[in-house]
K.L.:
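Structure in structure tokens, see below.
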Amino acid sequence: MAAVVLENDSGAGRWNYEIFQSRIAERFRQIEPLQKRPVWGSMGRPILVDDPSVAVQDHLHHITLPDAGGIDALGEAVGAIASEPL
């Protein structure tokens with residue numbers, strides 16, 4: 001899991017979520033672990049199986065934090081996403 005912070009006032013040029021998502025989508029099919037989904041195995045434990053229906057949108061979450069939220073708001077948002085079961 002990772003959090004990426006995109007700021008529009010970056011000196012590296014204009015970035016936004018749509019550009020970020022399109023860059024990830026260009027490489028998505030080359031990243032094998034992203035092509036899998038968890039299922040319950042015969043031993044009662046989850047295993048990963050190939051799933052061609054998995055899309056880049058299944059792996060990305062886009063949220064906008066309040067301007068004054070800072071690192072605390074980011075931590076709360078990441079914690080909420082990470083606490084969701086697979």
Side-chain angles (χ1 to χ4, degrees):
M1 180 175 176
V4 177
V5 178
L6 301 174
E7 297 184 55
N8 286 334
D9 59 354
S10 169
R14 183 162 172 79
W15 270 88
N16 61 35
Y17 179 72
E18 289 76 23
I19 294 170
F20 175 76
Q21 184 180 22
S22 70
R23 292 297 197 305
I24 297 295
E26 290 169 3
R27 296 161 180 84
F28 183 71
R29 292 293 167 202
Q30 299 169 2
I31 307 169
E32 187 177 334
L34 298 181
Q35 310 308 310
K36 299 183 180 291
R37 66 178 171 85
V39 297
W40 289 105
S42 60
M43 301 295 283
R45 294 186 172 170
I47 59 172
L48 295 176
V49 297
D50 291 329
D51 185 353
S53 69
V54 174
V56 68
Q57 294 83 2
D58 298 329
H59 292 282
L60 299 177
H61 299 273
H62 179 225
I63 59 172
T64 302
L65 298 175
D67 287 338
I71 194 73
D72 292 334
L74 177 60
E76 287 182 28
V78 169
I81 293 170
S83 68
E84 291 290 320
L86 291 176

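Not measured: the values here are computed from a predicted model. Only this structure's heavy atoms are used, side chains among them; waters, hydrogens and symmetry mates stay out.
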K.L.:
Taking all atoms of both residues into account, what is the closest heavy-atom pair of V54 and F28, and its distance?
P.N.:
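Here V54 and F28 meet closest at O-CE2, 3.7 Å.
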
K.L.:
Tell me every residue that passes side-chain contact (heavy atoms from CB on, under 4.5 Å) with V78, counting only those two or more places apart in sequence or in another chain.
P.N.:
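V78 satisfies side-chain contact (heavy atoms from CB on, under 4.5 Å) with M1, A3, L74 only.
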
K.L.:
Not counting sequence neighbours, which residues clear side chain to side chain donor-acceptor pair (under 3.5 Å) with S53? List them please.
P.N.:
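By the side chain to side chain donor-acceptor pair (under 3.5 Å) rule, S53 matches D51.
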
K.L.:
Apply side-chain contact (heavy atoms from CB on, under 4.5 Å) to R27 and list each qualifying residue two or more places apart in sequence or on a separate chain.
P.N.:
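Testing R27 for side-chain contact (heavy atoms from CB on, under 4.5 Å), a comparison that skips the adjacent residues, returns R23, Q30.
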
K.L.:
Taking the hydrophobic residues Ile, Leu, Val, Met, Phe, Trp and Tyr, and joining any pair whose side-chain heavy atoms are under 4.5 Å apart, which ones share a cluster with V49?
P.N.:
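Besides V49, the hydrophobic cluster comprises V39, I47, listed by chain and residue number.
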
K.L.:
For R29, what residues pass the salt bridge (charged side-chain N to carboxylate O under 4.0 Å, His left out) criterion, not counting sequence neighbours?
P.N.:
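Expected list: none.
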
K.L.:
Using the test ring pair (Phe, Tyr, Trp, His ring centres under 6.0 Å), find all partners of F20 that sit at least two apart in sequence or belong to another chain.
P.N.:
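With neighbours one apart ignored, the set is empty.
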
K.L.:
Please list, chain by chain and in numerical order, all residues satisfying salt bridge (charged side-chain N to carboxylate O under 4.0 Å, His left out) with E26, sequence neighbours excluded.
P.N.:
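By the salt bridge (charged side-chain N to carboxylate O under 4.0 Å, His left out) rule, E26 matches no residue at all.
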
K.L.:
Under the side-chain contact (heavy atoms from CB on, under 4.5 Å) test, which residues partner A77, sequence neighbours left out?
P.N.:
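If we apply the side-chain contact (heavy atoms from CB on, under 4.5 Å) test to A77, skipping adjacent residues, the hits are I63, L65.
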
K.L.:
Hey, are the side chains of Y17 and L60 touching, using non-hydrogen atoms and a 4.5 Å cut-off?
P.N.:
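The answer is yes; the side chains approach within 4.5 Å.
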
K.L.:
Can you pull the ring pair (Phe, Tyr, Trp, His ring centres under 6.0 Å) pairs that have at least one residue in residues 36-58, sequence neighbours excluded?
P.N.:
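Listed once each, the pairs would be none.
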
K.L.:
Excluding sequence neighbours, so at least two apart, what forms side chain to side chain donor-acceptor pair (under 3.5 Å) with D72?
P.N.:
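Not a single residue meets the side chain to side chain donor-acceptor pair (under 3.5 Å) criterion with D72.
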
K.L.:
Which residues pass the side chain to side chain donor-acceptor pair (under 3.5 Å) test with Q57, sequence neighbours left out?
P.N.:
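Not a single residue meets the side chain to side chain donor-acceptor pair (under 3.5 Å) criterion with Q57.
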
